[in-house]
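In listed order, ligands and their atoms are each counted from 1. Residue indices begin at 1 and follow the sequence shown.
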Amino acid sequence: MAVPSTITFKFSILLIILFSFEARETIAISLTEKVTITNNVTDPTPKTITFNCKSKDDDLGVHTLMFGEIYRFSFRPKILYPIVHPTVFSCSFTWLGNPHRHYFDIYDQSRDRCFHCNWKINLNGGCLNGDKCRPWKSVQLMDA
Ligand SMILES: *[C@@H]1O[C@H](CO)[C@@H](O)[C@H](O)[C@H]1NC(C)=O
């Protein structure tokens, strides 16, 4: 009698441990947002773009992408006060032969509902996951 119940008890503990790992894994995956930026800028020939993306807390640094190349980043958006202080990553894009700095919000927690936000950056702005296109948020002439 005592033996089976001990085994059952140990087995229950094992199941609880396994389930809690499972739960933690699921939460970690669902909280990570993945963003990709693909260079599709033709102006009027394919261009290499230089860009910098920042949120209030993170500066992702300056990167360059040749035409067709992809840059990836992932992050954990805020869970506590997303409505008051949504996570926003704003990027500025430049390329040789164009005197403007092009601004674009590559991720806005209050706007975007995507765990995999794949943006194509075009001459006129960006297209999300192959369909939703947005113009540049603003365009500024750079100093000479
Ligand atoms: C890529 O750029 C070309 C030329 O501007 C445009 O016709 C095409 O729609 C763009 N592709 C996407 C997926 O935005």
Side-chain angles (χ1 to χ4, degrees), residues 4 6-144:
T6 307
I7 290 172
T8 306
F9 178 71
K10 284 184 180 164
F11 189 65
S12 309
I13 296 289
L14 184 68
L15 278 185
I16 290 168
I17 290 170
L18 284 177
F19 273 115
S20 57
F21 268 107
E22 180 86 4
R24 229 198 307 163
E25 191 73 4
T26 308
I27 290 167
I29 289 168
S30 65
L31 291 184
T32 302
E33 302 264 9
K34 292 192 167 86
V35 176
T36 67
I37 298 174
T38 304
N39 176 5
N40 185 44
V41 174
T42 304
D43 184 22
T45 54
K47 296 292 175 184
T48 294
I49 58 174
T50 299
F51 62 96
N52 181 209
C53 300
K54 293 175 191 176
S55 70
K56 240 177 90 196
D57 306 318
D58 291 303
D59 184 334
L60 301 179
V62 176
H63 300 273
T64 61
L65 285 179
M66 289 193 296
F67 185 83
E69 280 190 326
I70 303 171
Y71 171 79
R72 295 180 172 81
F73 69 95
S74 55
F75 60 97
R76 308 238 170 143
K78 297 194 185 86
I79 341 163
L80 287 184
Y81 302 109
I83 294 171
V84 186
H85 299 291
T87 300
V88 177
F89 276 92
S90 298
C91 308
S92 65
F93 295 86
T94 59
W95 54 90
L96 278 178
N98 188 302
H100 297 97
R101 195 178 288 282
H102 309 75
Y103 291 90
F104 196 79
D105 288 344
I106 209 78
Y107 180 83
D108 179 340
Q109 193 174 9
S110 64
R111 177 193 75 188
D112 298 327
R113 294 284 170 268
C114 47
F115 283 115
H116 297 274
C117 309
N118 299 314
W119 287 99
K120 283 248 173 144
I121 296 301
N122 304 321
L123 180 59
N124 300 315
C127 296
L128 177 62
N129 294 337
D131 60 350
K132 274 172 269 169
C133 296
R134 292 176 170 275
W136 300 116
K137 189 180 178 189
S138 65
V139 176
Q140 281 172 17
L141 195 62
M142 291 188 281
D143 296 334

Report task. Considering only protein heavy atoms, determine whether one is less than 4.0 Å from atom 9 (O) of ligand 1. Result ->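 It does not; no protein heavy atom is within 4.0 Å.
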
**Report entry** Sub-4.0 Å protein heavy atom near atom 5 (O) of ligand 1
**Finding:**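 Protein heavy atom within 4.0 Å of atom 5 (O) of ligand 1: absent.
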
Query - Under 4.0 Å to a heavy atom of Cys127 - the qualifying atoms of ligand 1, by number - result: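 Contacts of ligand 1 toward Cys127, numbered from 1: 14 (O).
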
Query - Per-atom contacts of ligand 1 with Lys120, taking only distances under 4.0 Å to non-hydrogen atoms - result: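 Heavy-atom distances to Lys120 below 4.0 Å select 13 (C), 14 (O).
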
Query raised in the report: Does some non-hydrogen atom of Asn122 fall short of 4.0 Å from ligand 1?
Result: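 It does, in that a heavy atom of Asn122 comes within the 4.0 Å cut-off of ligand 1.
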
Query raised in the report: So, Trp95 versus His102, ring centres under 6.0 angstrom or not?
Result: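 Between His102 and Trp95, which both carry aromatic rings, the centre distance is below 6.0 Å.
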
Report task. Give the residue and atom name of whichever protein heavy atom lies nearest to atom 3 (C) of ligand 1, and the separation in Å to one decimal. Result ->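 Of the protein heavy atoms, Asn40 ND2, 3.6 Å lies nearest.
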
Requested in this report: Before giving the answer on side-chain hydrogen bond (donor to acceptor under 3.5 Å, both in side chains), spell out for Asp108 and Ser110 the whole-Å C-alpha distance, their side-chain angles and the decisive distance to 0.1 Å.
Outcome: CA-CA 5 Å; Asp108 179 340; Ser110 64; 2.8 Å; yes

Query - Arg101 versus Tyr103, closest heavy-atom pair with distance - result: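 Smallest interatomic distance, heavy atoms only, reads CD-OH, 3.0 Å.
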
Query raised in the report: Between Asn52 and Ser92, do the side chains contain an N or O donor and an N or O acceptor separated by less than 3.5 Å?
Result: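 Side-chain D/A pair, Asn52 to Ser92: absent.
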
Report task. For the pair Phe93 and Phe104, name the ring-plane relationship: parallel under 30°, tilted 30 to 60°, perpendicular over 60°. Result ->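 Geometry flag for Phe104 against Phe93: perpendicular rings.
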
